[in-house]
Amino acid sequence: MTLRLTNTLSRSKEVFKPLDDRRVSIYCCGVTVYDLCHLGHARSYIVWDVLRRYLCWPGQSDGAYVVKFVQNFTDIDDKILNRAAEQGLAMEQVSERNISAYFQDMDALNILRADAMPRATGCLDGIRDLIAELEHKGAAYSADGDVYFAVMKQAGYGKLSGRDLCEQQEGASGRTTTTEEGRKHHPFDFALWKGAKPGEPSFPSPWGPGRPGWHIECSAMVRQELGDTIDIHLGGADLIFPHHENEIAQSEAASGKPLARYWLHNGMVNVGGEKMSKSLGNFTTIRALLESGVSPMTLRLFVLQAHYRKPLDFTLEGLDAAATGWKGLSAALAVGQTYADSLGWGASAGSALGSAVGPADREWPEELRVSRDRFREAMDDDLNTAAALGELFELARPLRALANRLRIGDVASEAERAMEDRWTLLVELAGVLGLAAEREVVQAAAEGISDESQSGLSDVAIEALVEQRKAAKAARDFASADRLRNELKAQGIDLVDKPGGVTVWLRG
RNA sequence: GGCGGCAUGGCCAAGUGGUAAGGCAGAGGAUUGCAAAUCCUUUACCCCCAGUUCGAAUCUGGGUGCCGCCUCCA
């Protein structure tokens, strides 16, 4: 088997074969940095992060590719200007603030940083050159300081989105009222360069001061970073038209070559059946969600439990379910580090955790080899992360049970000590999905029984209270016993009653 | 109106011709004085109708419902 991806250009799954045998070039449409990112952005970048990790994974069907992943920041835009005006800031200040917030949020979600992250402001020469080239070739025309792309001149316009210029023209005929519309030869013509209005920030150009249109930024940045034809172009499904259609038109008019061989689009995040978006005001920012106590890995799991092309409804119930699911998976992932000593494991303990690329391929026991193959088959089938996660959960089940029993002081059986391979595989495959036990989780579990620096109560004090409760229980004074238990609970100490009257306490 | 997509158990969600992964919730059991936590076990004939087929959730046609794009948008 080999990787197959749904290409929006053909609307079908195609076998993935990069231009170069071992290298893959990817361009992902980034954000316009006028505000914080919300869960729609989180989903998009999580799924593309998984694509990237999978391509780089040595265990993948075609072997590890060398990926160059480019993602832009749109830092010239009307919305940024509006935001700057509202807040009395310069455009750059708004951009910088949101770019640093972007990194903070995406780093938290364990999304690998792109190899290059060009900004529109850093690519103005390339943008102006490209526009001039298009104008020279007759694909664009200038009008009163604006420059427009002439869609009728570009054969194949509409091939990505399935749009027909003639039909659409009729539907749009009532919309030519504004001055901008008046300058266009065709309603679908779009601005490559917008002349500046008085007082607006602007950049010089052969057509007068102004700023670039949104679509041309991406065309120029792709060309600058990756060349005329790239392997994969990524983005949200809402970008298919007009953004990606226009990008294709511009780039292909200039180069005469295909812009991208595979176009992949992720489905939207919905709220109550409607798309989450700034304009509808129904969005939750990544930051707000994480600050509310939701773990980054919970969000990651929530996103990856659905196929990337389908709409995903965001609900608190769904998130809770993912949180509980992650709790179990996380326990299994952490068991190897947390209990390495008592299990006699540890060969690969540190290295595999959180790394993008797992341990090199090797011989696995039959059962694990089957799991690994199933995982790979699922991922090969258009990144079926939901099915891949199913494999992860099955792999994790006995490890989770082991972790939970060790946590309350049980001793591992012979069979359980022999599960190191299973654990190593789980960590490797989870890593392909960018899932890793969080540091806090590992530490909390490791420090659970012996640590005495966190809580206000010392171990000795706690043990004394546990003894008191034991005595109360023996005297059948359950009211006192329960009161002691509640007091400890309030201090963050959980009691676990085990068979034989033994009580274990854990710092929650 | 045009283009595209979706419809699987209480919820989420895999599965594209041979008798339904996984997660959450629920139920039963173990443990417990009770509870919590934990462990084990367990719950579906796949929106409707017609058709193709030995056989369909899975293919075809029709219907119904929902969503996205057609303006900025991941």
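A, B, ... follow the sequence lines: proteins, then strands. Residue 1 opens every chain. Quick caveat: nothing in here was measured; it's all calculated off a predicted structure.
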S.K.: Using a 4.5 Å cut-off on heavy atoms from C-beta on, say whether the side chain of Tyr27(A) contacts that of Leu259(A).
M.R.: no
S.K.: For rA14(B), does either OP1 or OP2 sit under 4.0 Å from a side-chain N or O belonging to Lys310(A)?
M.R.: yes
S.K.: Of Pro499(A) and Asp381(A), whose nearest nucleotide on RNA chain B comes first from the 5' end?
M.R.: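 It is Asp381(A), whose closest nucleotide lies nearer the 5' terminus.
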S.K.: What is the nucleic acid contact for Phe393(A), judged by heavy atoms within less than 4.0 Å: base, sugar-phosphate only, or nothing?
M.R.: sugar-phosphate
S.K.: Does anything in residues 384-398 of chain A pair up under side-chain hydrogen bond (donor to acceptor under 3.5 Å, both in side chains), and if so which pairs, sequence neighbours excluded?
M.R.: none
S.K.: Side-chain donor or acceptor of Arg485(A) under 3.5 Å from a matching atom on the base of rC34(B)?
M.R.: yes
S.K.: Look through every strand shown and name the nucleotide pairing with rA7(B) as Watson-Crick or G-U wobble, where both distances are under 3.5 Å.
M.R.: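 By the stated definition (distances under 3.5 Å), rU64(B) pairs with rA7(B).
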S.K.: For Ala387(A), report the nucleic acid contact type (base, sugar-phosphate, nothing); a contact means any heavy atom under 4.0 Å.
M.R.: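 Base: the residue Ala387(A), judged by heavy atoms under 4.0 Å, touches a nucleobase.
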S.K.: Starting at atom CG of Asn266(A), determine the distance to atom P of rG5(B), rounded to an integer number of angstrom.
M.R.: 16 Å
S.K.: Is rC72(B) paired to anything, Watson-Crick or G-U wobble with both distances less than 3.5 Å, and if yes, which nucleotide?
M.R.: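 Matched rC72(B) with nothing under the 3.5 Å cut-off.
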S.K.: Closer to the 5' end of RNA chain B via nearest nucleotide, is it Gly390(A) or Ala306(A)?
M.R.: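 Per heavy-atom nearest nucleotide, the more 5' residue is Ala306(A).
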S.K.: If rU42(B) has a Watson-Crick or G-U wobble mate with both distances under 3.5 Å, name it; if not, just say none.
M.R.: rG26(B)
S.K.: Cation over ring, Arg163(A) on Phe241(A), under 6.0 Å and within 45°?
M.R.: yes
S.K.: Do Asp497(A) side-chain and rA37(B) base share a donor-acceptor contact under 3.5 Å?
M.R.: no
S.K.: Among rU38(B), rA14(B), rA25(B), which is the nearest nucleotide to the side chain of Asn384(A)?
M.R.: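 Comparing rU38(B), rA14(B), rA25(B) against the side chain of Asn384(A), the answer is rA14(B).
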